[in-house]
Amino acid sequence: MNKFPIFDKKSDKMKLLRDRILRDGRCLEGGILKVDNFINHQMDPLLMKAMADEFVKRFAGDKIDKIVTIEASGIAPAIMVGYLLNLPVVFAKKRVPSTMDNCLRTKVYSFTKSREYDICVSGEYINKGERILFIDDFLANGNAAKGIIDLVAQAGAELVGMGFLIEKSFQQGGDYLRSQGVRVESLARIKSLSDCKIEFL
């Protein structure tokens, strides 16, 4: 028996995401939303496909050369979008490999881990003039997104936009990115997690 629901293609796919968050998401103190049983640990491939379809629809009018994400939780949705668009997917690594030549790197601060770390990509895989779409699971304070913007700029590439499965709109990342002229597409926008109650915009 399939553990995941079969989706009605005629329904609002992003309502499916919101409903799934309400049903299976867990809210913890400190504004933490756990979706590890269907997005970023155990994954529901049908939901992932539905979300990728929505990104493809939203960015349909844009020329895109490559999908970029950051390890590890962004890889699954990025791969699905890359598959649907028939485009290569590059993920920024959180450790700099000793074997990587022409490494582009920047620093990112993680609030969940309370530390700063390097992220890097090979300059062979993001090239000057390429049009890049960034896909990730969460947008909160926007630090990973800022790091990717820096790496794309270092490569001389162009950022088309950023797509997130879930945006915590009560944190400043989305407002900051939009204020900088970045196109942000979030499939579920959370207004509040106060008192461990999930409210959507």
Side-chain angles (χ1 to χ4, degrees), residues 1-62 64 67-70 72-87 89 91 112 133-142 144-145 148 159-179 182-201:
M1 181 178 175
N2 191 345
K3 294 182 180 179
F4 301 124
I6 301 299
F7 299 136
D8 177 359
K9 292 183 179 180
K10 295 181 181 179
S11 67
D12 174 3
K13 290 180 178 177
M14 294 314 99
K15 182 178 183 301
L16 291 171
L17 173 58
R18 294 191 297 272
D19 289 347
R20 190 65 176 275
I21 292 168
L22 291 174
R23 190 186 84 193
D24 292 334
R26 290 193 299 131
C27 181
L28 305 179
E29 289 184 10
I32 296 171
L33 176 65
K34 284 182 68 74
V35 290
D36 59 344
N37 62 344
F38 61 99
I39 285 182
N40 54 22
H41 191 27
Q42 174 174 264
M43 288 171 276
D44 179 345
L46 298 178
L47 178 61
M48 204 66 72
K49 168 67 163 53
M51 294 187 292
D53 282 337
E54 184 65 19
F55 281 133
V56 169
K57 178 181 174 183
R58 294 191 188 193
F59 288 99
D62 295 281
I64 300 166
I67 311 297
V68 170
T69 189
I70 186 167
S73 300
I75 293 176
I79 283 285
M80 193 69 80
V81 173
Y83 172 75
L84 294 175
L85 291 176
N86 192 26
L87 291 173
V89 177
F91 69 87
T112 54
L133 173 62
F134 176 66
I135 299 291
D136 205 3
D137 61 339
F138 271 97
L139 171 58
N141 292 296
I148 293 297
L159 183 67
V160 172
M162 295 188 148
F164 301 93
L165 306 185
I166 300 170
E167 177 182 343
K168 295 179 180 177
S169 296
F170 57 89
Q171 294 180 300
Q172 72 267 22
D175 288 342
Y176 172 80
L177 293 174
R178 293 180 180 98
S179 74
V182 177
R183 180 180 174 188
V184 176
E185 295 287 348
S186 301
L187 303 187
R189 298 184 67 191
I190 295 178
K191 177 181 179 181
S192 173
L193 292 174
S194 296
D195 300 320
C196 280
K197 195 174 171 186
I198 302 170
E199 291 184 54
F200 294 102
L201 279 180

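Values below: all heavy atoms of this structure, side chains included; hydrogens, waters and symmetry mates excluded.
Here CG of L28 is found 6.5 Å from SG of C196. Values are rounded to the nearest 0.5 Å. Going from atom CG of D53 over to atom CE of M80 covers 8.5 Å, rounded to the nearest 0.5 Å. Note: I79 CD1 to T69 OG1 = 9.5 Å, rounded to the nearest 0.5 Å. For the atom pair D36 CG and D24 CG, the distance stands at 10.5 Å (nearest 0.5 Å). The distance from atom NZ of K197 to atom OG of S192, rounded to the nearest 0.5 Å, is 9.0 Å. Here the CD atom belonging to E54 is positioned 5.0 Å from the CE atom belonging to M14, to the nearest 0.5 angstrom.
You'll find the side chain of R20 reaches within 4.5 Å of the side chain of D44, heavy atoms only. The shortest distance between side-chain heavy atoms of D62 and R183 falls below 4.5 Å. A 4.5 Å side-chain heavy-atom check between V35 and L165 finds every atom pair outside the cut-off. Side-chain atoms of S169 and K191, non-hydrogen and from C-beta on, never get closer than 4.5 Å to each other. Between Y176 and V182, the closest side-chain pair of non-hydrogen atoms is not below 4.5 Å. You'll find the side chain of F138 reaches within 4.5 Å of the side chain of L33, heavy atoms only. Side-chain atoms of L187 and R58, non-hydrogen and from C-beta on, do get closer than 4.5 Å to each other. Counting heavy atoms from C-beta on, the side chains of L193 and I198 come closer than 4.5 Å.
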Audit row: F200, I190, side chain to side chain contact (heavy atoms under 4.5 Å, CB included) steps and yes/no: CA-CA 4 Å; F200 294 102; I190 295 178; 3.9 Å; yes

Stepwise side chain to side chain contact (heavy atoms under 4.5 Å, CB included) test for V56 and I64: CA-CA 11 Å; V56 169; I64 300 166; over 6 Å; no

Side chain to side chain contact (heavy atoms under 4.5 Å, CB included) between F134 and I70, worked out: CA-CA 9 Å; F134 176 66; I70 186 167; 4.3 Å; yes

Worked check of side chain to side chain contact (heavy atoms under 4.5 Å, CB included) between M162 and L139: CA-CA 10 Å; M162 295 188 148; L139 171 58; over 6 Å; no

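Smallest separation of non-hydrogen atoms from G161 and F59: CA-CE2, 4.1 Å. Taking each heavy atom of I21 and A188 in turn, the nearest pair found is CD1-CB, 3.9 Å. Of all non-hydrogen atoms in N141 and Q172, the two that sit nearest each other are OD1-OE1, 2.9 Å. Residues S186 and R178 share a closest heavy-atom pair of OG-NH2, 4.1 Å.
With F55 as the partner, the side chain to side chain contact (heavy atoms under 4.5 Å, CB included) test is satisfied by one option alone out of L84, L85, I135: I135.
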